[in-house]
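This report concerns only the one structure given below.
These numbers come from the heavy atoms of this one structure, side chains and all, not from hydrogens, waters or symmetry mates. Note on naming: letters A, B, ... go to the chains in the order of the sequence lines (proteins, then strands), and numbering restarts at 1 for each one.
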Protein chains: 2
Amino acid sequence: MSPLSTKEKIKLAAKKLISELGYKSASVRKIASDVGIRESALYNHYTNKEEIFLDILQDIFASPFSTSTQNVKEDALKGKLFLHRFVTQYKLVSFDKESEILFRILLLEIFSNKGLRERFFEDFHNKNIKVLSEAFFIMMQNNLIRSSDPMTMSYEFISTLFYIRFQITLLRFDSISTTNLSTQFEKHVDFFWEGIKV
Amino acid sequence: MSPLSTKEKIKLAAKKLISELGYKSASVRKIASDVGIRESALYNHYTNKEEIFLDILQDIFASPFSTSTQNVKEDALKGKLFLHRFVTQYKLVSFDKESEILFRILLLEIFSNKGLRERFFEDFHNKNIKVLSEAFFIMMQNNLIRSSDPMTMSYEFISTLFYIRFQITLLRFDSISTTNLSTQFEKHVDFFWEGIKV
DNA sequence: GTCTATATCGCGATAGAC
DNA sequence: GTCTATCGCGATATAGAC
C-alpha cells in the first residue's frame, strides 16, 4: 500500500482515460488534470505522450492475458477438468478490473498499432492454441476424446472464449449486468466436451 | 456505372479514411483532400463531420452484416447443408471489400458510440442467434442432431465465425494472406457438425 | 457549389521562474 | 518537480466573393 509516485499516477490516469476515449482523445491535458498537475509537469516524468502509451503497452502483454501454462502433460489426462480449469483461468482474467482496461485498450488501438496486432496473434492467439493443442493431442492419445485435428479443435475452443470476453467488455463499458455471460463460460465447457468426448 | 455525386464521393472517402484511421483522426481536411475539394465546400453537402459519420452508420447495419434470413423452416431439415450455406454466406460477407471496411469501422468505433454497441448486440448477435436457434431446434425435433439448448448451440456456432472474421479483418489490414483462415470456415462446419450430429 | 480567408479552439510541447 | 506563459499546429466550422 505504498503511495503512488507521480509517474505511477500518470500511468494509471492515462490507462483509464485511454481505455475510455482511445489514445488520440485521451489528451495530455486530461491526463495531467486527472493526476492533479499541469501538463508541463508531466513532461518531467515522460518525454512525450507516446512514451506513456509504450509504457502501458508493456503491461498489456505482461499481464496474464490468457492463462498461465502449468504442467499441461499431466493435467491433460484429466480431460474435461483440464478444460474447466483453463476456462476458469480465462474467466478470472476476463473479469479482472485491470485486465479489462488493458483488453479494452488492445481492442481500441489494435488497428492503429501494428505491433499490437502482431502481439495479439503471437501472445494471445498462438500461445493459447499451442497449449490447448498439446492438451487435446494427449487426450486423443489416451482415448479421452474423439480423434480430430488438435489445432482446429483448439481454434474452435478459444474462439468462443474470445467472443464471450469481447461481449463482457462491451457490456461492462455500459455497466450492464454480465451474469448471463458469466455462466456462458461453463456452458461452453459442457457443450464442447459433449461434442468431443468418446 | 453512373458517376458519383460529390456527396457520394465524400461519403466514400470518409468511409475509407475512418476505416483506416478512426473517426477522430479522419479529419475533414483529409476527407476533402481525397475528394479533391476544399473543406468549406464539403459543408455544402453535410452540415458537420458527425453527419457524415451518421450517414455511414446507416450503411453498417443496412448491409448484410451477417446473413440473409431465408426460409429457415425448410432448410433446417437439410441439417449440415443448412450450416454450410449459413457459413458460406457469412464467409462471403467477411471477404466483401465494402463489408470489410464497415466491419472495421464498427470495431474501431464500438467503444466510442453507444448506439453502435447496442446495434451490435441487436442486429448482429441476437439476429443470428435467433435464426440459428430456430434451425437447431428443428434439427433436434427431427433427430438430426443431439438434444441440447438451441441458444447455447447457436452461441457456440457464431462465436467462432466472429473470431475468424475478426482475424481476417486484422490480417487484411496488413495485406497478409488469409488463405489459412479462409478454410477455417469449412473446418468449423465440419468440426461442429461432428460434435452435434446423432 | 466551389473558392479564399478567417475565427476559434484544443492539442502536444517548450522556456524559464520558483 | 511544479508552476505560468507561450508557441505552433491542425482541427472544425463560418463568411462572403465568384
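Protein atom NE2 of B:H45 is 16 Å distant from nucleotide atom C1' of D:dA13, rounded to whole Å. Rounded to an integer number of Å, the gap from OH of A:Y46 to P of C:dG12 is 16 Å. For the pair A:K49 NZ and C:dT14 C1', the computed distance is 18 Å after rounding to whole Å. Rounded to an integer number of Å, the gap from NZ of A:K30 to P of C:dG10 is 10 Å. Between A:N48 atom CG and C:dG12 atom P the separation is 11 Å, expressed in whole Å.
Relative orientation of the A:F53 and A:Y23 rings is tilted, given thresholds of 30° and 60° on the angle between their planes. Between B:Y163 and A:H125, the ring planes are tilted. Angles from 30° to 60° get that label. Aromatic ring pairs are classed by plane angle as parallel below 30°, tilted from 30° to 60° and perpendicular above 60°; the pair B:F173 and A:F111 is perpendicular.
The six-membered or imidazole ring of A:F192 lies near that of B:F191, with a centre-to-centre distance under 6.0 Å. The ring of B:F95 has its center no closer than 6.0 angstrom to the ring center of B:Y90.
DNA chain C is contacted by no residue of residues 9-23 of chain A, taking any non-hydrogen atom closer than 4.0 Å. Near DNA chain C, meaning a heavy atom under 4.0 Å from it, residues 31-41 of chain B has B:I37, B:R38, B:S40, B:A41 in order of number.
The 5' end of DNA chain D is approached more closely, in terms of each residue's nearest nucleotide, by A:L42 than by the other of A:K24 and A:L42.
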| task | Please assess A:S159 against B:S159 for the test side chain to side chain donor-acceptor pair (under 3.5 Å), listing each intermediate value before the final yes or no. | result | CA-CA 6 Å; A:S159 59; B:S159 59; 4.7 Å; no
| request: For the pair A:Y43 and A:N48, evaluate side chain to side chain donor-acceptor pair (under 3.5 Å) and give the outcome as yes or no after the intermediate values. | output: CA-CA 7 Å; A:Y43 288 92; A:N48 54 37; over 6 Å; no
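Smallest separation of non-hydrogen atoms from B:I138 and B:K73: CD1-CA, 3.6 Å.
When the side-chain nitrogen and oxygen atoms of A:S27 are compared with OP1 and OP2 of C:dG10, none of them lie within a distance under 4.0 Å.
When distances are taken from the side chain of B:R29 to each of D:dA11, C:dA13, C:dC11, the shortest belongs to D:dA11.
To the nearest 0.5 angstrom, B:H84 atom NE2 is 8.0 Å from B:K91 atom NZ.
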